[in-house]
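There's a structure below that I have some questions on.
The model shown is predicted, which means the values in this text are computed figures rather than measured ones. Heavy atoms only: backbone and side chains are in, while hydrogens, waters and symmetry mates are out.
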Amino acid sequence: MPKKNDAPASFETALTELEQIVTRLESGELPLEDALNEFERGVQLARQGQTRLQQAEQRVQILLSDNEDAPLTPFTPDAG
């Protein structure tokens, strides 16, 4: 399992990890401190996933823009 601050390798990996966290939290069997740590990691994963989805949406909007003469340039997401 990745360290707390490591970003998962892909959106799909993050989603799988988030689903596992939800399952563990829903079990109700975690001690409070562990549950808080899991929740914190889940929030981080959700935010990373949201950022990746927004970046994908921006790429799609660029590709579908009405200006066919606009040059296509490689998409570089904001560092953040």
Once rounded to the nearest 0.5 Å, what's the spacing between atom CD of Gln50 and atom CD of Gln55?
11.0 Å
How many angstroms lie between atom CD of Glu40 and atom CD1 of Ile21, to the nearest 0.5 angstrom?
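If I round to the nearest 0.5 Å, the distance is 10.5 Å.
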Connected hydrophobic set around Leu32, excluding itself, where side chains approach under 4.5 Å:
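Grouped by the 4.5 Å side-chain rule, Leu36 form the rest of the cluster around Leu32.
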Do the charged groups of Glu29 and Arg24 touch, with an N to O distance under 4.0 Å?
no
Among Glu17, Glu19, Glu12, whose side chain to side chain contact (heavy atoms under 4.5 Å, CB included) with Leu15 holds?
Glu19
Is the closest side-chain donor-acceptor distance between Ser10 and Thr13 under 3.5 Å?
yes
Could you state the interatomic distance from CD (Glu38) to CG (Leu45), rounded to the nearest 0.5 Å?
10.0 Å
